[in-house]
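Notes follow once the structure below has been shown.
Quantities reported herein were computed from a predicted structural model and do not represent experimental measurements. Here is how names work: the chains are called A, B, and so on, in the same order as the sequence lines, proteins then strands, and each is numbered from 1.
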Amino acid sequence: MAGFRFFDLNPEQLRAATHPGGPMLILAGAGTGKTRVITARVTWLIANGVGADKILAVTFTNKAARELKERIGGMVEAEKAKLVTASTFHSLCLKILRRDIERLGYKPNFTIYDEGDQTGLIKKIINRTAAKDESLDPGAAKAGISKAKNMGWTPPEDDKTLLGAVYARYQRELKQFNAIDFDDMLTLSVRLMADFPAVRDYWREKYDHLLVDEFQDTNKLQLDLVTLLCREKRPNICVVGDDDQSIYGWRGAEISNILEFERHFPGPEVFKLEQNYRSTNAILDAANRLIKNNARRRGKKLWSDSPGGANVTVISANDDLTEAEFVANEINAHKHSDRLEWEHFAVLYRMNAQSRLIESELRRMKIPYRLVGGRSFFDRREVKDVISYLNFLVNPKDDAAMLRILTSPPRGIGGVTIENAIEFSAKADANLIDAMTSSAFSETLSSRARNAIQTFADEMQTARIRLMTPGANASELVGSILADCGYLEDLKRSCKTPEEALSRETNVRELLDALADYQTKHKNWQGFLDDIQLDREREKDKEDGRGVTLITLHAAKGLEYPHVYLVGAEDGLLPHERSKLEGTVDEERRLFYVGITRARQTLTISHCLYRTKFGSKTTCKMSGFLQEIQGDNVDFVSHAEIMARPVEEEEALDLFARARAMLNEP
DNA sequence: AGGTGAGCATTTTTT
DNA sequence: ATGCTCACCT
């Protein structure tokens with residue numbers, strides 16, 4: 001047990017970390033040292049003779065997987081630590097699929113459709129499938145299909161409903177394009193393991209101990225997958241999670257997976273981590289009072305050794321602008337009076353739209369901030385274009401990618417031609433590129449269109465051959481392809497300002513650099529596309545950027561900040577109007593709970609009397625949740641009262657800072 | 001083939 | 001308010 005200090009753990013943590021095996025459930029409240037226990041458990045297992053390569057830890061995010069690996073690396077010898085598998089559900093599935101997907105009739109060079117590709121495909125299918133008097137919202141269809149997949153429903157044979165018909169056709173076309181969507185990663189992995197004992201046994205025998213993090217967020221398929229990975233009657237499965245932090249029900253997460261864990265894995269040992277190492281008791285009290293209003297929960301009460309700390313403050317501001325001003329002022333004053341760093345502050349909100357006003361106030365006061373969750377880079381048109389070029393070159397069946405690049409740059413192939421080609425390909429049951437270049441289709445075209453198509457097809461085929469040559473420098477090659485086909489020129493031309501052109505060019509450059517980087521590290525480049533779809537590449541540059549954090553409540557889960565401002569605690573926003581309609585107010589309460597428990601030292605919650613929604617001013621009621629957190633260590637004050645507070649020493653500094661900030665204004 | 005303007009909807013988003 | 005889609009125009 002060299003190098004492992006058990007005295008870091010409290011008794012319950014220690015009990016969990018050193019439990020010999022069998023099913024176990026670790027209920028880990030917010031800030032109770034969950035990762036530490038997982039790390040300790042892995043270390044303990046290895047110290048007690050379990051092969052490091054026999055341990056599989058599954059997480060939801062790449063960040064969590066990376067952190068886990070790092071922390072295990074800090075506890076175990078390097079060679080052993082490397083052998084532990086810590087991976088996300090989706091990257092595990094990708095490994096399963098890349099190995100055996102041919103058994104399901106896909107080729108192993110399949111591409112992964114992102115949300116945009118999915119919506120695009122669904123839209124086209126609806127257009128082609130719906131009768132004149134029918135209509136279906138593509139977003140709703142996508143959600144419906146996703147739900148169906150996650151419930152384990154296969155497309156219906158008889159196309160009774162439009163949605164059913166669209167689902168069936170969507171799935172058929174995906175396969176034809178040799179593409180899978182995010183849900184397929186799970187459905188297909190589960191199907192592979194369920195239908196092919198050889199595949200199942202391969203993965204079963206690979207691991208002796210399974211750890212699943214954030215178990216409250218698993219959906220049906222993820223539970224199925226985990227179950228399939230278990231071989232014994234009393235499997236060594238250790239799940240960690242917190243039912244009170246289940247906030248992804250709308251995405252298919254089944255809170256029952258954790259609430260009814262005993263049903264899925266009988267006779268587990270249950271551990272409850274309730275000692276919190278993060279927040280003051282004032283904050284924990286508020287959180288406990290709130291969450292006990294939820295009926296369906298396993299029941300937990302967070303407590304802390306540390307002193308009570310400052311009271312939680314609830315502010316009522318007149319309107320959303322005042323609220324933003326208040327938060328910016330308060331952060332500024334607090335930072336200067338207590339000599340804090342901007343990084344110590346975070347502003348949490350329900351909807352991304354709420355960040356706007358806060359941002360502009362922070363900008364006005366010259367306070368640096370970082371906005372979390374903006375998926376800007378990979379959503380840029382030019383970045384998607386280049387990725388589509390890569391995807392199409394790797395997988396010529398990828399119709400979505402082809403459609404994207406077919407018109408950028410313009411190649412003299414018009415909308416009518418493309419529509420006809422799509423129709424033709426559907427009838428001929430062939431891929432778009434094959435359909436378009438087939439002689440049967442060519443005959444219907446003008447010679448100009450025919451030549452344009454042929455040129456495109458030849459160009460791409462040449463590029464493909466060059467790219468697939470072993471040892472090819474992918475980044476350089478793609479760069480020259482983009483230049484040769486006129487893409488770069490067209491990109492520049494389509495920009496309104498020189499700055500825009502420069503920024504788009506830089507983005508392309510950055511992507512190509514990332515590709516080159518990947519190739520040097522991995523000696524191949526095909527995996528680059530997987531990484532991009534799995535977000536791994538995206539996250540790399542997320543860490544940088546200093547300043548006050550602006551983040552949604554959802555995205556804030558798992559993070560912590562010394563000083564938290566939770567804005568917009570109003571009825572209709574938190575709980576969100578839609579959740580009241582859908583009867584998921586409990587989940588909103590958990591969301592609020594997650595927000596509260598992010599704070600280490602101070603928590604300030606605000607709500608407005610008026611808020612501008614969709615362009616017009618509306619009256620706002622305070623969130624019902626605010627009544628629930630009431631107690632001696634929660635102060636309710638109006639914004640006006642704060643402004644009229646007697647000037648004490650601390651406040652004097654506040655005023656000074658405020659005055660200085662005002663002088664800084666332009 | 002691409003640009004423009006009216007009309008429309010508007011949560012959260014680990015992969 | 002704002003961004004996005006679709007239809008219509010040049």
Counting the atoms with a prime plus P, OP1 and OP2 as sugar-phosphate, which does A:Q354 contact under 4.0 Å by heavy atoms, base, sugar-phosphate, or nothing?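 Nothing: the residue A:Q354, judged by heavy atoms under 4.0 Å, touches no strand.
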Just to be sure I understand the rule, does A:Y248 reach a base, reach only the sugar-phosphate, or reach nothing, if contact means heavy atoms closer than 4.0 Å?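 The residue A:Y248 makes base contact.
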Next item on the list: Using side chain to side chain donor-acceptor pair (under 3.5 Å) as the criterion, list what pairs up with A:K69, not counting sequence neighbours.
Entry: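 Once residues adjacent in sequence are excluded, A:K69 has no partner under the side chain to side chain donor-acceptor pair (under 3.5 Å) criterion.
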Parsed dot-bracket for DNA chain C after applying the Watson-Crick and G-U rules with both distances under 3.5 Å and | for other-strand partners is ||||||||||
Using OP1 and OP2 only, check whether a side-chain N or O of A:N352 sits under 4.0 Å from B:dT13.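 Checking B:dT13 against A:N352, a side-chain N or O does come within under 4.0 Å of OP1 or OP2.
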A:T552 side-chain N/O to B:dT13 phosphate OP1/OP2 under 4.0 Å: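 For A:T552, the contact criterion (side-chain N or O under 4.0 Å from OP1 or OP2 of B:dT13) is met.
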Considering only NZ, NE, NH1 and NH2 on the basic side and carboxylate oxygens on the acidic side, decide whether [X] and [Y] come within less than 4.0 Å.
{"X": "A:R364", "Y": "A:E361", "value": "yes"}
{"X": "A:D213", "Y": "A:K34", "value": "yes"}
{"X": "A:K580", "Y": "A:D571", "value": "yes"}

Contacts under 3.5 Å, N or O only, protein and nucleotides 5-7 of chain C:
none

Out of [options], whichever nucleotide has its closest atom nearest the side chain of [X]:
{"X": "A:N62", "options": "B:dT14, B:dT15, B:dT12", "value": "B:dT15"}
{"X": "A:H576", "options": "B:dT14, B:dT11, C:dT2", "value": "B:dT11"}
{"X": "A:D217", "options": "B:dT14, B:dT11, C:dA1", "value": "B:dT14"}
{"X": "A:F614", "options": "C:dG3, B:dT12, B:dT10", "value": "B:dT10"}

* Asked: Between the side chains of A:T111 and A:N391, is a donor N or O closer than 3.5 angstrom to an acceptor N or O?
  ->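 Their side chains do not contain a donor-acceptor pair, so the 3.5 Å distance test is not met.
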_Assess, by modelled atom type and distance only, whether the side chains of A:D319 and A:T322 contain a donor and an acceptor separated by less than 3.5 Å._
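Distance-only check passes for A:D319 and A:T322.
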- request: Check whether the side chain of A:R251 and the base of B:dT15 form a donor-acceptor pair under 3.5 Å.
  value: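 Present.
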